[in-house]
Amino acid sequence: YQDLVFERSKEEREAILELLASAPLSESAVVDGREYYFVHALPAKKDYDKLWGILKVRTKSPWRKKTVVVGHSPTILLTQKNEPMRIWHGRGITDIDCGCGHNDMYSQLACLRLEDMREWYI
C-alpha cells in the first residue's frame with residue numbers, strides 16, 4: 001500500500017486527495033425494488049461519524065424501508081467470534097467489512113450481491 005502511495009508524484013497525490021475530497025460521504029440506490037443507503041462507517045448526521053464512527057450491535061437503520069450498508073467496523077467487533085469474519089446483518093444494517101485490510105487469520109474479502117444477498121469470500 002505504501003509503495004502505491006509514495007511512488008506517485010506530488011501532482012498525482014494531490015489529484016488523488018482532490019478526488020477523495022470531492023467524493024460523496026454517502027450514496028443511495030434502488031436494486032430490484034429494495035432501497036439501500038451506502039456509507040463508510042455509520043448512518044449519522046455528523047460527517048465525522050459517517051466516516052469514522054464505530055458500528056455497535058444495537059445500531060439500527062434510521063429508515064424502516066431502507067437497508068444501510070457500511071464498512072469500517074470489522075464484523076469481528078460485532079460477533080465476538082474467533083473465526084473467519086463474515087458479513088454481518090443487523091437491524092436494517094449490513095456490515096461488509098470482513099477485515100481484509102488487517103491481514104490476519106480471520107480476515108477475508110467479502111462480496112455481497114444486492115439482487116439476492118448472496119455472499120462470497122476470498
Side-chain angles (χ1 to χ4, degrees):
Y1 166 76
Q2 288 181 344
D3 290 342
L4 293 175
V5 173
F6 295 114
E7 287 181 4
R8 305 283 177 225
S9 69
K10 181 180 179 189
E11 293 78 20
E12 289 173 314
R13 290 191 307 268
E14 288 174 356
I16 291 168
L17 289 173
E18 282 181 31
L19 176 68
L20 292 173
S22 68
L25 291 177
S26 61
E27 197 68 52
S28 293
V30 176
V31 178
D32 285 349
R34 295 175 67 181
E35 293 183 64
Y36 294 92
Y37 176 82
F38 304 94
V39 64
H40 179 71
L42 291 177
K45 292 181 181 178
K46 295 180 181 177
D47 289 351
Y48 182 87
D49 293 334
K50 287 180 180 180
L51 285 171
W52 305 114
I54 301 297
L55 187 65
K56 307 281 189 216
V57 171
R58 67 182 181 273
T59 306
K60 63 181 183 177
S61 173
W63 303 283
R64 287 186 315 124
K65 295 184 178 186
K66 191 179 286 192
T67 300
V68 177
V69 180
V70 302
H72 183 65
S73 296
T75 60
I76 199 168
L77 298 175
L78 303 165
T79 65
Q80 300 294 309
K81 294 180 180 179
N82 291 327
E83 60 189 30
M85 288 185 248
R86 310 229 3 123
I87 293 171
W88 180 84
H89 301 275
R91 296 182 295 172
I93 294 186
T94 300
D95 184 358
I96 61 172
D97 186 336
C98 291
C100 71
H102 295 272
N103 196 25
D104 64 31
M105 61 193 269
Y106 302 124
S107 301
Q108 55 186 349
L109 176 64
C111 297
L112 176 65
R113 185 169 58 197
L114 298 176
E115 290 84 355
D116 59 5
M117 302 304 278
R118 184 166 176 204
E119 302 174 10
W120 288 271
Y121 299 90
I122 299 172

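Please read these numbers as outputs of a predicted model, since none were measured by experiment.
- Judged by distance alone, the side chain of Thr67 and the main-chain N or O of Thr94 form no donor-acceptor pair under 3.5 Å.
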Review point. For Asp97 and Ser73, what are the C-alpha separation, side-chain angles and deciding distance, and is it a side-chain contact (heavy atoms from CB on, under 4.5 Å)?
Key: CA-CA 6 Å; Asp97 186 336; Ser73 296; 5.8 Å; no
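- Checking Asp49, Leu55, Val69, Val68 one by one against Pro43, the side-chain contact (heavy atoms from CB on, under 4.5 Å) holds for a single residue, Val68.
- Phe38 and Ile96 fall within a single hydrophobic cluster, where Ile, Leu, Val, Met, Phe, Trp and Tyr are joined by side-chain heavy atoms under 4.5 Å apart, directly or via other members.
- Contact detail for Leu114 and Tyr36: the closest heavy-atom pair is O-OH, 3.4 Å.
- The backbone N or O of Arg58 lies less than 3.5 Å from a partner atom in the side chain of Arg91, making a donor-acceptor pair.
- Note that CG of Leu25 is 5.0 Å distant from CG of Leu51, once rounded to the nearest 0.5 Å.
- A continuous path of ILVMFWY side-chain contacts below 4.5 Å connects Met85 to Met105, so both sit in one hydrophobic cluster.
- Of the possible donor and acceptor atoms, one in the side chain of Arg13 sits under 3.5 Å from a partner among the backbone N and O of Arg8.
- Residues Glu35 and Lys65 approach most closely at CB-O, 3.6 Å, considering heavy atoms.
- Trp120 CH2: more than 12 foreign heavy atoms inside a 6.0 Å radius.
- Within 6.0 Å of CG on Asp104 lie more than 12 heavy atoms contributed by other residues, nucleotides or ligands.
- Note on ring orientation: taking the six-membered ring where Trp is involved, the planes of Trp63 and Tyr37 are tilted (angle from 30° to 60°).
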Point to revise | Pair Ile54-His72, side-chain contact (heavy atoms from CB on, under 4.5 Å): steps then yes or no | key: CA-CA 7 Å; Ile54 301 297; His72 183 65; 3.9 Å; yes
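- Atom OH of Tyr121 has more than 12 neighbouring heavy atoms from other residues, nucleotides or ligands inside a 6.0 Å radius.
- A 4.5 Å side-chain heavy-atom check between Ile87 and Cys98 finds at least one atom pair inside the cut-off.
- Here Leu42 contributes atom CG and Ser26 contributes atom OG; the two are 12.0 Å apart, rounded to the nearest 0.5 Å.
- The backbone N or O of Arg86 sits nowhere less than 3.5 Å from a side-chain atom of Gln108 that would complete a donor-acceptor pair.
- Between Met117 atom CE and Glu119 atom CD the span is 7.5 Å, to the nearest 0.5 Å.
- Under a hydrophobic-cluster definition in which Ile, Leu, Val, Met, Phe, Trp and Tyr are linked whenever side-chain heavy atoms come within less than 4.5 Å, directly or via other members, Val39 and Val57 are assigned to the same cluster.
- The shortest heavy-atom contact between Ile76 and Tyr106 is CD1-CD1, 4.0 Å.
- The structure places NZ of Lys50 at 10.5 Å from NZ of Lys45, a figure rounded to the nearest 0.5 Å.
- Within the model, atoms CZ of Arg118 and SG of Cys111 stand 11.0 Å from one another, a figure rounded to the nearest 0.5 Å.
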